[in-house]
Amino acid sequence: MARLAQTAGLTDVQQEILKTVREFVDKEIIPVATELEHRDEYPQQIVDGLKELGLFGLMIPEEYGGLGESLLTYALCVEEIARGWMSVSGIINTHFIVAYMLKQHGTQEQKDYFLPRMAAGETRGAFSMSEPGLGSDVSAITSKAVKDGDEYVLNGQKMWLTNGGTSTLVAVLVRSDEGHPEGTAPHKSMTTFLVEKESGFGEVRPGLTIPGKIDKMGYKGVDTTELIMDGLRIPANRVLGGVTGRGFYQMMDGVEVGRVNVAARGCGVAQRAFELGVSYAQQRHTFGKAIAQHQAIQFKLAEMATKVEAAHAMMVNAARKKDSGERNDLEAGMAKYLASEYCKEVVEDAFRIHGGYGFSKEYEIERLYREAPMLLIGEGTAEIQKMIIGRRLLEEYRFQS
């Protein structure tokens with residue numbers, strides 16, 4: 001099948017990596033994804049395959065045992081994986097955000113200790129900002145760390161933790177007032193802690209409980225959980241970067257990578273929806289001909305393909321901007337916003353093309369229809385992206401009187 005969303009200017013290494021991932025997706029993910037998703041079963045065999053391919057170390061520098069690839073390579077791999085099953089891309093997303101934060105902000109001791117294990121897939125990462133009552137308002141975090149000798153004591157409840165059960169390392173953002181007097185801006189009194197734990201549910205280390213999986217409409221297979229800290233003691237050398245008060249900036253840097261990831265997921269899901277729609281339209285016959293020959297369906301296919309191409313281009317641009325070392329919150333916000341919205345629209349159009357069969361669990365489009373809405377929320381809602389985009393545009397186009 002001819003493919004949309006091709007990327008110009010890739011190296012031979014990048015092309016070979018993508019070819020390998022694409023073949024893995026076609027052979028190992030797509031044939032089993034719907035069955036596993038309907039059972040809400042963790043795809044252990046698929047994850048083991050990704051580990052063998054070295055994908056858990058894709059962006060980790062070679063000196064730590066990784067492949068040392070770019071954000072663009074990572075995003076294009078995510079696009080391929082999400083085309084197969086979006087939940088699998090979620091398993092590696094939080095891992096990479098934590099690895100990226102360690103690479104960019106960790107102390108040398110933290111990098112030496114964690115990154116080789118993460119590159120090998122032995123340590124699996126997750127990160128946690130959200131809480132039950134705050135939604136997108138990160139400044140309203142109430143979880144707190146209090147200094148006690150050479151340790152910090154953490155208390156609070158976190159929410160929507162992807163890989164909460166299967167991860168063994170969680171980057172947790174909490175409020176830390178030590179060294180930050182009353183009245184300090186909220187974002188300047190937050191700290192990221194690197195919390196090691198056992199995989200599984202229940203009390204996974206003293207003072208830390210992962211209650212269980214949250215039952216979701218879609219995005220199944222991957223575990224989404226709460227995280228409860230009750231007197232959790234963390235040594236001071238597990239403050240990311242070794243200095244308190246920098247957690248907000250560290251997390252936002254990681255979220256920019258996450259937004260490119262969500263954009264890539266949207267591109268992958270939309271591409272799969274288009275493939276399903278264009279294939280079904282040529283098989284289904286009405287009024288004596290394939291429905292693909294009806295002008296109304298051709299218009300839908302044209303719109304769907306154009307949206308797939310546009311979203312892919314913006315995602316690639318955002319990844320390349322980040323790789324260049326430039327600020328990319330504007331581009332990442334635009335890419336995440338457009339790709340998630342277009343993904344929803346393309347999936348819905350493919351659903352409509354399938355007619356009544358799209359409502360059947362026998363058809364793959366039913367799964368995509370339940371998965372797409374998560375992208376509208378993950379790593380910041382559309383409204384949050386518009387706020388980021390609007391503020392950055394006003395910075396760039398400041399009126400001069």
Side-chain angles (χ1 to χ4, degrees), residues 1-37 43-60 66-93 95-96 121 221-222 260-280 304-305 307-320 323 335 339 342-343 346-347 350 364-365 367-368 371-372 375:
M1 179 183 290
R3 292 180 59 84
L4 295 172
Q6 296 296 297
T7 309
L10 297 180
T11 66
D12 291 342
V13 172
Q14 287 174 314
Q15 291 175 3
E16 187 60 34
I17 290 172
L18 289 175
K19 179 175 179 291
T20 301
V21 173
R22 187 177 303 129
E23 290 175 351
F24 181 84
V25 168
D26 287 338
K27 293 178 182 177
E28 306 295 336
I29 298 182
I30 289 177
V32 300
T34 296
E35 180 183 351
L36 292 175
E37 197 271 350
Q44 187 61 58
Q45 187 171 340
I46 293 173
V47 171
D48 291 343
L50 295 177
K51 182 178 175 180
E52 289 181 17
L53 292 177
L55 286 189
F56 281 99
L58 188 63
M59 275 183 67
I60 295 174
L67 297 179
E69 273 296 330
S70 64
L71 177 59
L72 175 62
T73 307
Y74 166 61
L76 294 175
C77 287
V78 166
E79 182 180 36
E80 292 291 345
I81 293 169
R83 174 180 155 268
W85 184 14
M86 192 180 74
S87 293
V88 179
S89 65
I91 291 170
I92 64 173
N93 176 41
H95 177 85
F96 270 107
V222 60
V260 174
N261 171 283
V262 172
R265 283 196 252 180
C267 292
V269 173
Q271 190 171 134
R272 183 58 180 166
F274 172 80
E275 291 173 0
L276 295 172
V278 75
S279 176
Y280 184 83
M304 292 161 67
K307 289 173 181 177
V308 168
E309 289 282 5
H312 175 84
M314 292 199 72
M315 178 272 290
V316 168
N317 180 55
R320 281 180 163 149
D323 283 333
Y342 275 1
C343 175
V346 172
V347 168
E364 188 179 341
I365 191 63
R367 169 171 60 83
L368 270 58
E371 289 179 338
L375 298 172

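If you read the sequence from its start, that first residue is 1, and numbering goes on from there.
Taken to the nearest 0.5 Å, the CH2 atom of W85 stands 7.0 Å off from the CD1 atom of I91. From L58, atom CG reaches atom CD of E69 across 6.0 Å, with rounding to the nearest 0.5 Å. Note that OG of S87 is 10.5 Å distant from CD1 of I29, once rounded to the nearest 0.5 Å. Rounded to the nearest 0.5 Å, atoms CE (M304) and CD (Q271) are 11.5 Å apart. Atom-to-atom distance recorded for R83:CZ and C267:SG is 13.5 Å, nearest 0.5 angstrom. Taking CD of E80 as the start and CD1 of I17 as the end, the distance is 12.5 Å to the nearest 0.5 Å.
Nearest approach of A75 to V260, heavy atoms of both residues: CB-CG1, 4.0 Å. Scanning both residues, L375 and G266, for their nearest heavy atoms gives CD1-CA, 3.5 Å. Considering all non-hydrogen atoms of both residues, L55 and F96 come closest at O-CZ, 2.8 Å. Looking at every heavy atom in both residues, D26 comes nearest to P31 through O-CD, 3.4 Å. For F24 against I46, the heavy-atom pair with the smallest separation is CZ-O, 3.7 Å. Nearest heavy-atom pair across A339 and A263 is CB-O, 3.5 Å.
Among pairs with a residue in residues 307-320, those fulfilling side chain to side chain donor-acceptor pair (under 3.5 Å) read T7-H312, E79-H312, K307-E345, at least two apart in sequence or across chains.
No donor-acceptor pair closer than 3.5 Å links the side chain of N261 to the backbone N or O of N93. Counting only distance, with no hydrogens or angles, the side chain of S89 and the backbone of M86 share a donor-acceptor pair below 3.5 Å. The backbone N or O of E16 sits less than 3.5 Å from a side-chain atom of T20, completing a donor-acceptor pair.
Other residues, nucleotides and ligands contribute at most 12 non-hydrogen atoms within 6.0 Å of the CD atom of Q45.
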side-chain contact (heavy atoms from CB on, under 4.5 Å) between I81 and L50, worked out: CA-CA 10 Å; I81 293 169; L50 295 177; 4.2 Å; yes
Worked verdict on E371 versus R367 for salt bridge (Lys or Arg N to Asp or Glu O under 4.0 Å): CA-CA 6 Å; E371 289 179 338; R367 169 171 60 83; 3.4 Å; yes
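Under the 4.5 Å side-chain criterion, counting only non-hydrogen atoms from C-beta, V47 is in contact with F56. Proximity of L67 to I60: side-chain heavy atoms (C-beta onward) are nowhere separated by under 4.5 Å. The side-chain heavy atoms of V347 and R272, taken from C-beta on, include no pair separated by under 4.5 Å. Residues V346 and V269 have side chains not in contact (no heavy-atom distance under 4.5 Å, counting atoms from C-beta outward).
Under the 3.5 Å distance criterion, with hydrogens and angles disregarded, a donor-acceptor pair is assigned to the side chains of Q14 and T73.
Here D48 pairs with nothing under the salt bridge (Lys or Arg N to Asp or Glu O under 4.0 Å) rule; sequence neighbours left out.
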